[in-house]
Amino acid sequence: MKYNFNDIEAKWQKYWAENQTFKAENKSDKPKYYVLDMFPYPSGAGLHVGHPLGYIASDIYARYKRHQGFNVLHPQGYDSFGLPAEQYAIQTGQHPAITTAENIKTYRRQLDQIGFSFDWSREVRTSDPNYYKWTQWIFIQLFNSWYCKDHEKAFDIKDLINVFEESGNANINAVCDNDTEAFTAEEWRNFSSEEQQEILLQYRLTYLAETEVNWCPALGTVLANDEIVNGVSERGSHPVIRKKMTQWSMRISAYAERLLQGLDTIDWTDSLKESQRNWIGKSVGAQVKFKVVSNEVKEAAEIEVFTTRPDTIFGVSFMTLAPEHDLVQQITTPEQKDEVDAYIEATAKRSERDRMADVKTISGVFTGAYAIHPFTEKLIPIWIGDYVLAGYGTGAVMSVPCGDERDYAFAKHFNIPIPNIFEGVDISEEAFSDKEKTVIGNSDFLNGLNYKKATKRAIYELEKIGQGEGKTNYRLRDAVFSRQRYWGEPFPVYYVNGMPQMIDVEHLPIKLPEVEKYLPTETGEPPLGNATVWAWDTEKNEVVSNYLIDNETIHPLELNTMPGWAGSSWYFNRYMDANNENEFASKEALDYWQDVDLYIGGSEHATGHLLYSRFWQKFLFDKGVVPKDEYAKKLINQGMILGNSAKIKSLLVGLPYNKNNVPEIHPIKARMSFYSKNLLPDSNDWFKDEKIENEIINVILKDIPDNFDKIFGKDNPIANQLKGKQEPEIIKFLKGNLVFNHISIHVDVNMIDGNDKLNIDKFLEWRKEHKWAIYHYENDNDFIVSREVEKMSKRWYNVVNPDDICIKYGADSLRLYEMFLGPLEQYKPWNTAGITGVHSFLKKLWKLYADDNGLKVTDATPTKDNLKTLHKTIKKVQEDIENFSFNTSVSTFMIAANELTAQKCTSKDILEPLLVLISPYAPHIAEELWEQLGNNESISTAPFPEFDASHLVESIKNYPISFNGKMRFTMELPLDMSKDAIEEAVLANEKTQEQLAGRTPKKVIVVPGKIVNIVG
RNA sequence: GCUCAAGUGGCGGAAUUGGUAGACGCGCUGGAUUCAAAAUCCAGUUUCUUCGGAAGUGUGGGUUCGAUUCCCACCUUGAGUACCA
């Protein structure tokens, strides 16, 4: 019998599928255990070896829990709405549903091949109408809810309407928009229906409002804060600008405090909790009102500021408003108007990125207006400055230069006085901001108080005169929920007189309409604007043609779609009852499964998915839909598997791009790589060789003028001058202006051999596809290869496909090797060569059970050594699984196999339980040998072997004998020997005397069972 | 700048409460088998060494009989975040 892993793996994968081995029941006498993976977005590229890492870990745990007698729910599905399928649709016209279905097929094949124990009967796809029906349903629930601060809970909007009818909004502590105005019950009743709806939108947990959003022109859509990285879009790195738009938003800010508190109740990694805490950004302080004096302001204007240091209020020597602050125009004096306007214009021009990059430059303008200090009634000049952000707090600060570094720098720069209000502190050089050491002075009633007491007192005094109150501020913003895209969940919303109306839940799902093209319409509406059947008939309760819109019974439907995180914010609940057509999930299923016991996924979702999903869970909990307000008890982040990329030095040819007088090289897209040792050393010499220069110019000319933008890049100002010119003119221009630079460019790793030599034939073939022109290389040695470890990605050509590994070594080898690479949470590089280690372990394991003559296993009584090896292994593997230290249990298996082989063990009593230990890691080989041993049932529910400590009891210990802490030799002594006897025996040893060389030991430390240390 | 994590052979990594540093595997070296290769098996593999030993876990200090492990300072790398008042 040979270890034919391909046959064995195919056999058992088929068996598991046919017998539905891993189907979980919603009722059981066994305790439940829910192991969840973050479901994948099915991209066109398929899986690479980095993707299954977390799935393998969770699968091992799920299988382990089954061996332990749990009823395990281990589902999988697809986050199948999203940008790439849509971008592909725009390019090819292929419907995203078709692309998505194809990609899912590939994913499923690849996942099946690795032998996961998923319960596929519960598969979900966020783009499936039967699924997004309930995403729409949740949206409607959010729309029909408001948040009460007194109860810290969401309630039905009807309750709020009742309150409004009885007493207006004065006495209700609800979370609402900042600019919501007060009204009485009588006023409420006199409002028109539209006015009432508009007010209610200011309270609903999802609402339509004109807000400043992050608009990404290249993607043609808005983005949430977590979808922007370093000022550019997460996908594609396109610039993002601020823009006012009417958008759906989620009032996640209502849950800020609960999202923060909830973190203490769940077992997630500290770094992840810390990210969420930072993102929520709680700060405790006070809101203070400053009255404004200005000739320009007829009515008494007030500036509200938020501060975490109300104790320093007597140190205020100026105020600063964000340039975008609403009051700026009102309060600016005529003398200062020109200067202020110029400043506002200048800041508006700066992109988000510029502003972020440059935090050192101090800038600002005096408005000419003054505020009155609430206690001293002194006049305080009001400035504007771009270090104050419109988006945080109130967009205005009280500036205390003696206590805040930025205020200090601003005051110094503009020669504003810096009064000192700290006792015993020198502020002539820098601000003093150590709260712990603060003692207030020069501050009337705050004198002599520390930070804590002064803060309390200041708030008390402010409240007394009605000019401030204690306040907690959160950085967490409401999340924009509309996307101007096609491939997402449609909103169950139609509009009557511009006011949004929810479609009754019984008519859900509202299916995504067909469109001719997936781009925005000519009038700039989202892609759904292209749909011809996209209006709501309120009588027939169905979607009908747009042409029928009469705004009486037939109304337009919402054209935006939901963002990617909508579907992923609740899918873990759907798995509990995935095929339920009548409910989100049945109460029985929800009550049985409760929540996720173990969730494994990437840390990149820390402030996106993992925050939004906690928000929705808390909301659904408030509504009594789900039984837990945190959905995942424990969460582990698997680290990324990094690829090994190869680069070769290459020459980049470009045109100078003069922006801000910075010479840059814009790459010519048909990259020109060439190689010659002679040409590399000094770039200045490169183009003295006219022959090469002419060759390059010829290549450029070949593509001009048809692909002008493609070659030079869009809007290259210098290249633009060339458009439409005759060839000789272009040549003349190119000769004078080409810029050359040499850089390293990624090439396919498969073209590089083990000695970092480039395979020229493969490379010449490959570069054709990648539009590289090669000039002037003399021999293979001209190509200098460098290596880099980085993220596995198609664009770095360093992707390793699990399919190839499965064919060559088998899924069990892949599973073991992924675990063997290192700790689960750690980032680690992939190196396919190492897989032979685990593969030969499996072969060795197989040989323990069978050889060419068939099965070797006998009924022989196990020896002491056999039992010791087995129980040592049981103990270690069990501990390892529970600590998610899967890499070390693979070593343990190797040691066990090596020992049992050396012991020539054939005993079934040893070899059978060993299979159960290995089966979570390498389930195929375990199932096969389990069957060979005569078992008829799958190994997957066989009980986990029990550890018996008695087999590990030893009578002799090999003591390390160390001198001054350094181990020098070992000595075998009985374990029951007394301390004194050990000391005597060690001192009597001739090696000890040798070490001491005649000296008397000062001290002898004996730790029985551990070590002997002689201090000499 | 701030926050967090991590620095151990040629490489991935191990060392569970402070107690034999380098488990296990890759790679490499030598050998067996083979016409040869693959596969397999055996031995060796931290460094230096006068072959007795000695040094050694980013650097410097400390606590301890004893430190990869605990404490202090610093260096390096990675991740997140950033004018948050």
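Protein chains get the first letters and strands the later ones, always in sequence-line order, with residue 1 at the start of each. Computation of the quantities below employed the complete heavy-atom set of this structure, encompassing side-chain atoms and omitting hydrogens, waters and symmetry-equivalent molecules.
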What one-letter contact string describes nucleotides 18-26 of chain B from 5' to 3', where B marks a base within less than 4.0 Å of any protein heavy atom, S marks contact via sugar-phosphate atoms alone, and - marks no contact? -BBS-BBSS

Scoring nucleotides 2-7 of chain B by protein non-hydrogen atoms under 4.0 Å (B base, S sugar-phosphate only, - none) yields -SS---

When the nearest nucleotide of RNA chain B is assigned to A:Lys1003 and to A:Thr394 on a heavy-atom basis, which residue is associated with the more 5' position?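 Closest to the 5' end, via its nearest nucleotide, is A:Lys1003.
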
Here's a test of your reading of the structure: between A:Tyr827 and A:Ser275, which maps to the more 5' nucleotide of RNA chain B?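 So the residue in question is A:Tyr827.
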
Taking N or O atoms only and anything under 3.5 Å, show me the protein contacts with nucleotides 43-52 of chain B, one pair per line.
none

Would you call A:Lys876-A:Asp880 a salt bridge at under 4.0 Å N-O?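 Salt bridge: yes.
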
Any carboxylate oxygen within less than 4.0 angstrom of a Lys/Arg side-chain nitrogen, looking at A:Lys875 and A:Glu879?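 Yes.
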
Please report the distance, rounded to the nearest Å, between [atom1] in [X] and [atom2] in [N].
X: A:Asp851; N: B:rC41; atom1: CG; atom2: C1'; value: 16 Å
X: A:Asn637; N: B:rG78; atom1: CG; atom2: C1'; value: 15 Å
X: A:Lys412; N: B:rC83; atom1: NZ; atom2: P; value: 24 Å
X: A:Lys791; N: B:rA79; atom1: NZ; atom2: C1'; value: 13 Å
X: A:Lys828; N: B:rU77; atom1: NZ; atom2: C1'; value: 18 Å
X: A:Tyr408; N: B:rA85; atom1: OH; atom2: C1'; value: 18 Å
X: A:Leu642; N: B:rU77; atom1: CG; atom2: C1'; value: 13 Å
X: A:Asp311; N: B:rA85; atom1: CG; atom2: P; value: 13 Å

Could you grab the distance from atom CG of A:Leu824 to atom CE of A:Met819, nearest 0.5 Å is fine?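 Going from CG on A:Leu824 over to CE on A:Met819, the span is 6.0 Å.
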
A:Tyr921 side, atom OH; A:Ser889 side, atom OG - distance, nearest 0.5 Å: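 So the OH of A:Tyr921 and the OG of A:Ser889 are separated by 2.5 Å.
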
Which nucleotide wins on minimum distance to the side chain of A:Glu879, given the candidates B:rU40, B:rU16, B:rG12?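 Nearest to the side-chain atoms of A:Glu879, counting from C-beta on, is B:rU16.
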
Expressed in whole Å, how much space separates the [atom1] atoms belonging to [N] and [M]?
N: B:rG80; M: B:rG27; atom1: P; result: 34 Å
N: B:rU77; M: B:rG61; atom1: P; result: 23 Å
N: B:rU29; M: B:rA79; atom1: P; result: 35 Å
N: B:rG62; M: B:rC11; atom1: P; result: 30 Å
N: B:rA21; M: B:rU8; atom1: C1'; result: 8 Å
N: B:rC28; M: B:rU34; atom1: P; result: 24 Å
N: B:rC71; M: B:rU64; atom1: C1'; result: 12 Å
N: B:rC84; M: B:rU16; atom1: C1'; result: 42 Å

Listed once per pair and sorted, the salt bridge (charged side-chain N to carboxylate O under 4.0 Å, His left out) pairs that draw on residues 891-903 of chain A, sequence neighbours left out: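 Pairs touching residues 891-903 of chain A that pass the test: A:Lys872-A:Glu899.
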
Assign A:Glu405 to base, sugar-phosphate, or nothing according to its heavy-atom contacts below 4.0 angstrom with the strands shown.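 Nothing: the residue A:Glu405, judged by heavy atoms under 4.0 Å, touches no strand.
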
So what does A:Arg968 hit on the nucleic acid, given a heavy-atom distance under 4.0 Å: a base, only sugar-phosphate, or nothing?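 The residue A:Arg968 makes sugar-phosphate contact but no base contact.
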
Applying ring-ring contact (aromatic ring centres under 6.0 Å, His included), can you list everything that pairs with [X], at least two apart in sequence or on another chain?
X: A:His325; answer: none
X: A:Tyr451; answer: none
X: A:Phe314; answer: A:His373, A:Phe375, A:Phe445

Quick one: closest heavy-atom pair of A:Leu321 and A:Ile303, and the distance?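 In this case the closest contact between A:Leu321 and A:Ile303 is CD2-CG2, 3.8 Å.
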
Is B:rG13 syn or anti, taking syn as a glycosidic angle within 90° of 0?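 Anti, angle beyond 90° from zero.
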
With syn defined as a glycosidic angle within 90° of 0 and anti as everything else, classify B:rG52.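 Syn, angle within 90° of zero.
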
Identified side-chain hydrogen bond (donor to acceptor under 3.5 Å, both in side chains) partner of A:Arg309 from the options A:Thr307, A:Asp311, A:Thr312: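 The passing option is A:Asp311.
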
Just to verify, what does [X] make a salt bridge (charged side-chain N to carboxylate O under 4.0 Å, His left out) with, not counting sequence neighbours?
X: A:Asp267; result: A:Lys634
X: A:Asp407; result: none
X: A:Lys289; result: none

For RNA chain B, please output the secondary structure as dot-bracket, reading 5' to 3'. Pairs are Watson-Crick or G-U wobble, both atom distances under 3.5 Å; mark crossing pairs with [ ], other-strand partners with |, unpaired with a dot. (((((((..(((......[....)))((((((.......))))))(((....)))..(((((..]....))))))))))))....

Tell me, which pairs form a side-chain hydrogen bond (donor to acceptor under 3.5 Å, both in side chains) where one or both residues lie in residues 824-834 of chain A, sequence neighbours left out?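 Every pair satisfying side-chain hydrogen bond (donor to acceptor under 3.5 Å, both in side chains) with a residue in residues 824-834 of chain A: A:Trp830-A:Thr832.
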
Within the supplied structure, the quantity of interest is the number of heavy atoms (other residues, nucleotides, ligands) at a distance under 6.0 Å from A:Lys452 NZ; does it exceed 12?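 Open: at most 12 neighbouring heavy atoms sit under 6.0 Å from NZ of A:Lys452.
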
For A:Asp270, is the CG atom crowded, meaning more than 12 foreign heavy atoms sit under 6.0 Å from it?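 Counting neighbours around CG of A:Asp270, 12 or fewer heavy atoms of other residues, nucleotides or ligands fall under 6.0 Å, so no.
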
